[in-house]
Every structure is written in C-alpha cells, then in structure tokens.
Amino acid sequence: SEAAAAAAAGGGGGNRVFFQSPRGGGSSGGTSREDSVSAAAAVVQVQQRRHQQGKVTVKYDRKELRKRLVLEEWIVEQLGQLYGCEEEEMPEVEIDIDDLLDAANEEERALKLQETLVDCYKPTEEFIKELLTRIRGMRKLSPPQKKSI
C-alpha cells in the first residue's frame, strides 16, 4: 500500500510516517484512509520492534546470553529434582549467577549456594559442585546502559 511504502521510505533515522491521500479520493475515502493509517502504524510498530531487538544483541554477547539461558534451565531442572517438585510448586529459591561470579573464590561461592539451599532435605553437594564447574569461565552480565537523550 502507498502508506506502508511511505512509512518504510521515511523510517531511516526516526519514527516518521508520511501519509499520502488515497488516489481517487472519492466518497469511500473514510475507510481506505483508516486502512492506510493502520497499515502505516503497523509498519512503524514492526520497525520499532526490530530496532529494540537489535539493541539487545549489541549490548550483550549473544553467545554469553545463550550459555546463561542453558545454565538457568539446567538449574531449574536440578532444583526440581532436589526439591522433588515441579517449578510452580518449588519453594522460593534464588540462585543469582552474577552474585556467585562476584564471590572471591570457589569456597565463598559454595557457601553462598549452601545457604541458599539450606531448606533442601536431599544432599546438595553434587549439585553445588556441578554448578561451580559450569559457571567457571563465565562473565558477569552488566545491566544494559540507558542512552541519554
């Protein structure tokens, strides 16, 4: 549509949308104008979404994010086995990977994990050992920085 083409052409630097009058401009102008407006709004929305997704991959290393996600899924699975329940039924257990990475050494990390898992009745030593092995070499993810306007 003309409105979509106009929106795509003007979307380089900002979120500008240029509307063109529908050709013919007869008595049916009301609905086609509304269709043009909604089509242009949809194009702008898609452009904004793509732009936002692009920011995430620039601020964080995609490979690090993938490793972090895989690790967090493994942790949830292991906690489910340790507590013998599904994720929804699990007690409030928060394992902050960045907090563990801030610890001075392996012993301090192990102590933090033991404190976190104090309510668990099953043995946690193997889980702690495996988790410490998995986070070895990982980097702390810094929070995204907001751009000043």
Side-chain angles (χ1 to χ4, degrees), residues 1-20 22 31-149:
S1 83
E2 291 176 23
N15 294 325
R16 299 159 124 191
V17 179
F18 299 98
F19 296 103
Q20 293 179 345
T31 55
S32 66
R33 174 105 177 134
E34 288 171 14
D35 291 345
S36 298
V37 170
S38 63
V43 168
V44 169
Q45 205 171 20
V46 167
Q47 287 175 343
Q48 287 173 338
R49 206 173 296 132
R50 284 186 189 150
H51 185 65
Q52 288 169 349
Q53 289 172 347
K55 282 183 182 178
V56 171
T57 57
V58 169
K59 292 184 189 230
Y60 294 121
D61 179 18
R62 188 177 285 217
K63 208 180 262 188
E64 271 306 305
L65 285 174
R66 172 63 60 200
K67 282 176 21 181
R68 182 69 64 111
L69 180 63
V70 167
L71 178 63
E72 288 179 2
E73 289 172 348
W74 177 82
I75 289 172
V76 169
E77 179 185 318
Q78 294 301 309
L79 289 175
Q81 291 176 9
L82 283 173
Y83 284 94
C85 60
E86 295 297 316
E87 184 178 353
E88 299 80 34
E89 303 163 345
M90 204 175 302
E92 190 69 30
V93 176
E94 184 178 337
I95 296 177
D96 186 343
I97 297 167
D98 287 333
D99 187 43
L100 291 174
L101 293 172
D102 275 342
N105 54 39
E106 292 267 322
E107 287 127 18
E108 191 176 318
R109 290 176 183 160
L111 281 173
K112 284 183 178 199
L113 286 168
Q114 286 171 350
E115 289 170 9
T116 302
L117 300 170
V118 73
D119 294 337
C120 185
Y121 296 109
K122 292 185 180 178
T124 59
E125 292 80 17
E126 283 301 312
F127 167 73
I128 292 172
K129 191 168 132 184
E130 179 66 23
L131 179 56
L132 293 176
T133 301
R134 287 177 181 243
I135 66 170
R136 208 170 283 138
M138 287 185 98
R139 294 184 317 224
K140 184 178 174 184
L141 291 181
S142 59
Q145 292 149 9
K146 295 181 180 178
K147 291 184 178 181
S148 57
I149 297 174

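For the single chain, residues carry numbers from 1 onward in sequence order.
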Exercise. Could you tell me which non-hydrogen atom of Q81 sits nearest to which non-hydrogen atom of K122, and how far apart they are?
Key: O-NZ, 3.0 Å
Quiz item: Just how far is it from atom CG of L113 to atom CD of E106, taken to the nearest 0.5 Å?
Solution: 10.0 Å
Quiz item: Out of curiosity, L101 CG to I135 CD1, how far, rounded to the nearest 0.5 Å?
Solution: 5.0 Å
Self-check item: Candidates K140, R109, K112 - the one meeting side chain to side chain donor-acceptor pair (under 3.5 Å) with D102
Solution: K140
Quiz item: In Å and rounded to the nearest 0.5 Å, what is the CZ to CG distance from R136 to L131?
Solution: 10.5 Å
Quiz item: Which pair of non-hydrogen atoms, one from C120 and one from L82, has the smallest distance, and what is that distance?
Solution: SG-O, 3.6 Å
Quiz prompt | Which atom of E72 lies closest to which atom of I97, heavy atoms considered | solution = CG-CD1, 3.8 Å
Quiz item: To the nearest 0.5 Å, how far apart are CD in Q78 and OG1 in T124?
Solution: 12.0 Å
Practice problem: State, to 0.1 Å, how close V93 and L79 come at their nearest heavy-atom pair, and which atoms those are. | Solution: CG1-CD1, 4.1 Å
Exercise. Output, in order, the C-alpha distance, side-chain angles, deciding distance and verdict of side-chain contact (heavy atoms from CB on, under 4.5 Å) for E73 and L69.
Key: CA-CA 6 Å; E73 289 172 348; L69 180 63; 3.9 Å; yes
Practice problem: Just jot down the side chain to side chain donor-acceptor pair (under 3.5 Å) partners of R134, sequence neighbours excluded, or say none. | Solution: E130
Quiz item: When rounded to the nearest 0.5 angstrom, what is the spacing between CD in E92 and CG in D119?
Solution: 11.5 Å
Exercise. Would you please test L100 and M138 for side-chain contact (heavy atoms from CB on, under 4.5 Å) and show each step?
Key: CA-CA 11 Å; L100 291 174; M138 287 185 98; over 6 Å; no
Quiz item: Roughly how far, to the nearest 0.5 Å, is the NZ atom of K63 from the CG atom of L65?
Solution: 12.5 Å
Quiz item: Any idea which heavy atoms bring Y83 and T116 closest together, and the distance?
Solution: OH-O, 4.4 Å
